[in-house]
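Counting starts at 1 for both ligands and their atoms, following the listed order.
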Amino acid sequence: MQTVKRNILLNPGPATTTDSVKFAQVVPDICPREKEFGQLMAYVSNELTCLIADPNEYTTVLFGGSGTAAVESIISSVVDDEAAVIVNNGAYGKRMCEIAESYGLDYFEFNCAPDAAIDLAALELFIRSCPRTVSHLAVVHHETTTGLLNDIPSIGKICDNYQIDMIVDAMSSFAAIPLSMKDMNISYLAASSNKNIQGMAGVAICIANKNKLENIRHQKPRNYYLNLYAQFQYFSINGQMRFTPPVQTLYALKQAIDELKQEGIEQRYRRYCRSWETLINRITELGLKYLVNNKHHSKIITAIVEPDCNNYDFNDMHDYFYDRGFTIYPGKIGELKTFRIANMGDITYEDMEAFSTLLENYLSQIHCMEKGG
Ligand SMILES: Cc1ncc(COP(=O)(O)O)c(C=O)c1O
């Protein structure tokens with residue numbers, strides 16, 4: 001088989017893909033309103049549901065769009081006249097608040113530290129003290145800002161006690177960290193095609209409890225393109241998306257799902273964890289520190305504290321790596337100066353070894369080796 005130059009993407013998605021996923025996009029032209037294409041989308045949707053739920057009770061609704069489209073679709077489609085609580089402990093929690101704000105939703109923001117576990121008792125108290133009935137709670141599973149993994153099973157129990165529908169942004173956990181919609185009491189989940197699934201960017205994934213989805217059919221729509229119920233209903237009746245889907249990206253997604261099933265979610269996560277452990281051991285040897293303790297760490301992305309050294313410049317370091325086939329990512333957290341290294345995608349611990357050796361060379365070249373390195 002022909003091969004494509006392999007770039008090692010250490011940004012948090014789009015991730016490095018296999019050549020077989022890349023080549024799956026090269027298909028005969030097809031009109032996406034043909035039955036054959038509808039069958040492909042039905043297959044993809046069903047397989048995605050099966051990764052984390054029983055397809056008799058849950059369903060997957062697809063949109064052409066990036067991951068934010070999935071989050072926006074759910075938030076703007078399901079929250080009605082009652083209030084939502086949105087947990088904000090990073091850039092993606094903040095984004096959910098911004099989405100709620102732009103649709104004029106009634107929401108209460110639960111702000112908490114970006115690098116420590118959520119205080120569950122404080123969250124429960126917050127819900128109880130909301131001046132309005134809370135119908136939904138939205139939370140990010142894996143905060144890609146820091147690598148913090150929020151405790152979805154415990155938050156799901158709180159939601160169950162207060163009869164709140166939980167919305168989970170699982171963008172950077174889905175397909176690597178095992179999840180169960182039912183056991184974790186997740187009503188709606190957002191994901192995308194280009195992170196741990198290891199597909200191409202362009203498909204927004206919403207997984208929903210069917211009964212809950214049916215219940216929103218009578219709500220007055222606030223949105224149009226991203227209307228979750230309209231997209232679900234149109235596909236159920238016609239076997240087509242309402243609007244033009246990213247045709248070739250969906251073929252790649254099918255291939256990526258088949259490869260995920262061959263590897264298995266737990267095995268994929270083990271591979272990711274081995275890469276993460278390699279990274280952590282090597283950066284620790286270099287004297288570098290990272291945010292979030294291991295207990296609450298996703299082991300999928302690491303926010304590394306930048307070296308306190310005059311010669312250090314992230315953009316210069318980025319270019320050094322880019323020239324050598326590695327893409328690294330800037331930090332995204334207010335005052336704290338970090339850069340981020342993700343270990344998702346079709347990469348192994350050997351790639352992290354190679355990255356770490358280059359990092360050591362780079363820091364030594366600019367005379368920024370920390371003590372202990
Ligand atoms: C947790 C989380 N939510 C939402 C998004 C947004 O996804 P996209 O950039 O595909 O719109 C990301 C992207 O990194 C993410 O990590």
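In this model, no donor atom of one side chain and acceptor atom of the other lie less than 3.5 Å apart for Asn343 and Ser275.
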Ligand 1 polar-atom proximity to protein (N/O, under 3.5 Å):
from, atom 1, to, atom 2, distance (Å)
ligand 1, 3 (N), Asp169, OD1, 3.3
ligand 1, 3 (N), Asp169, OD2, 2.6
ligand 1, 10 (O), Gly67, N, 2.8
ligand 1, 11 (O), Ser66, OG, 2.6
ligand 1, 11 (O), Gly67, N, 3.3
ligand 1, 11 (O), Thr68, N, 2.8
ligand 1, 11 (O), Thr68, OG1, 2.5
ligand 1, 14 (O), Tyr92, OH, 3.3
ligand 1, 14 (O), Lys195, NZ, 2.7
ligand 1, 16 (O), Thr144, OG1, 2.5

**OP:** Any chance you could lay out the salt bridge (charged side-chain N to carboxylate O under 4.0 Å, His left out) test for Glu82 and Arg132, step after step, and finish with the verdict?
**Re:** CA-CA 7 Å; Glu82 291 174 322; Arg132 298 208 43 210; over 6 Å; no

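Ring-plane geometry between Trp276 and His297 is classed as tilted, the angle between the planes lying from 30 to 60 degrees on a 0 to 90 degree scale.
Asp351 meets the side chain to side chain donor-acceptor pair (under 3.5 Å) test with Arg6; sequence neighbours excluded. Remark: Cys273 pairs with Tyr269, Glu277, Lys299 by the side chain to side chain contact (heavy atoms under 4.5 Å, CB included) rule, at least two apart or across chains.
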Tell me which donor-acceptor pairs under 3.5 Å the side chains of residues 242-256 have, and how far apart each pair is, sequence neighbours excluded?
from, atom 1, to, atom 2, distance (Å)
Arg242, NH1, Tyr224, O, 2.9
Lys254, NZ, Asp258, OD2, 2.9
Gln255, NE2, Glu259, OE2, 2.6

